[in-house]
Structures are given as C-alpha cells and as structure tokens.
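Working notes, structure below.
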Amino acid sequence: MPYPPVTDTCVRACAYPGPSPQWLPTVRCVFYVGAREERARLFATDVAPALFNVLVTTYEFIMRDRSKLSKLDWKYIIIDEAQRLK
C-alpha cells in the first residue's frame, strides 16, 4: 500500500518529476496537483489503482478531494504544515 507524504509548500518547490532514481530506484512518486480535471485523471490512472509508493500534494488538494482520497487504505501520512489541521 502507498506511503503518502502530504505537504503544502514543498509541492510548489518541487522542480523535479519525482525522487531521484539514484537514491530511490524503485519508488514511484505521484505529484497530485493541478486543475480538477488533472487531479481526476491522476486519481483514476495512478491513485485509485495504487500505482505509486509516495503521493505528494498540498493540504488544499487533500481537503478538496478528501471524499475520494479517504477511501484509500493509507499506511502512513506525513503532514507538513500540520498546524493547519486545527
């Protein structure tokens, strides 16, 4: 099952398509960002079938898509900006 770090500002800072193959050669990373249509496509093609190890997204996208994302059986969730969970 996937291990999803949920972050806010780090997603905007990511200028690379995923973890370095040099350090994590077998890790498949999905950047769950974009317009509603793009996130729906990512959810259908990569997230729902669990074709990833790490999901990186923002707090805002988690809240917008929580009805879909909450149906997954997450193993770990790492949240940057956790003070926003109040």
Side-chain angles (χ1 to χ4, degrees):
M1 205 26 61
Y3 305 97
V6 179
T7 67
D8 182 36
T9 54
C10 80
V11 173
R12 293 184 199 103
C14 291
Y16 55 89
S20 170
Q22 174 184 347
W23 300 315
L24 303 167
T26 62
V27 172
R28 174 133 159 75
C29 185
V30 172
F31 287 89
Y32 190 77
V33 294
R36 178 183 297 161
E37 297 80 18
E38 175 65 12
R39 293 191 324 272
R41 185 194 65 76
L42 284 169
F43 188 85
T45 60
D46 296 333
V47 179
L51 300 177
F52 67 97
N53 303 103
V54 176
L55 179 84
V56 179
T57 192
T58 67
Y59 176 81
E60 286 80 14
F61 290 139
I62 290 292
M63 295 310 293
R64 288 179 192 166
D65 298 346
R66 67 183 170 264
S67 62
K68 293 191 295 188
L69 294 170
S70 66
K71 294 177 183 173
L72 297 171
D73 184 25
W74 298 105
K75 189 160 186 171
Y76 299 104
I77 297 178
I78 302 167
I79 302 174
D80 187 14
E81 304 282 334
Q83 72 274 8
R84 299 180 77 191
L85 297 177
K86 294 180 190 177

ask   = Is there a chain of hydrophobic side chains (I, L, V, M, F, W, Y, each step under 4.5 Å between heavy atoms) that links Phe31 to Val27?
value = yes
request  = Rounded to the nearest 0.5 Å, what's the gap from CG on Leu72 to CD1 on Ile77? Could you check?
outcome  = 9.5 Å
query = Roughly how far apart are Leu55 CG and Phe43 CZ, rounded to 0.5 Å?
reply = 10.0 Å
query = Hey, does Val47 have a side-chain heavy atom less than 4.5 Å from the side chain of Arg39?
reply = no
key: Considering all heavy atoms, the nearest Pro49-Ala44 contact   = CD-O, 3.5 Å
message = Over 60° means perpendicular and under 30° means parallel, so tell me whether Phe52 and Trp74 are parallel, tilted or perpendicular.
response = tilted
ask   = At what distance, to the nearest 0.5 angstrom, does OG1 of Thr57 lie from CD1 of Ile62?
value = 5.0 Å
ask   = To the nearest 0.5 Å, how far apart are CD in Glu38 and OH in Tyr32?
value = 10.0 Å
ask   = If you take all heavy atoms of Thr26 and Asn53, which pair is closest and at what distance?
value = O-OD1, 3.5 Å
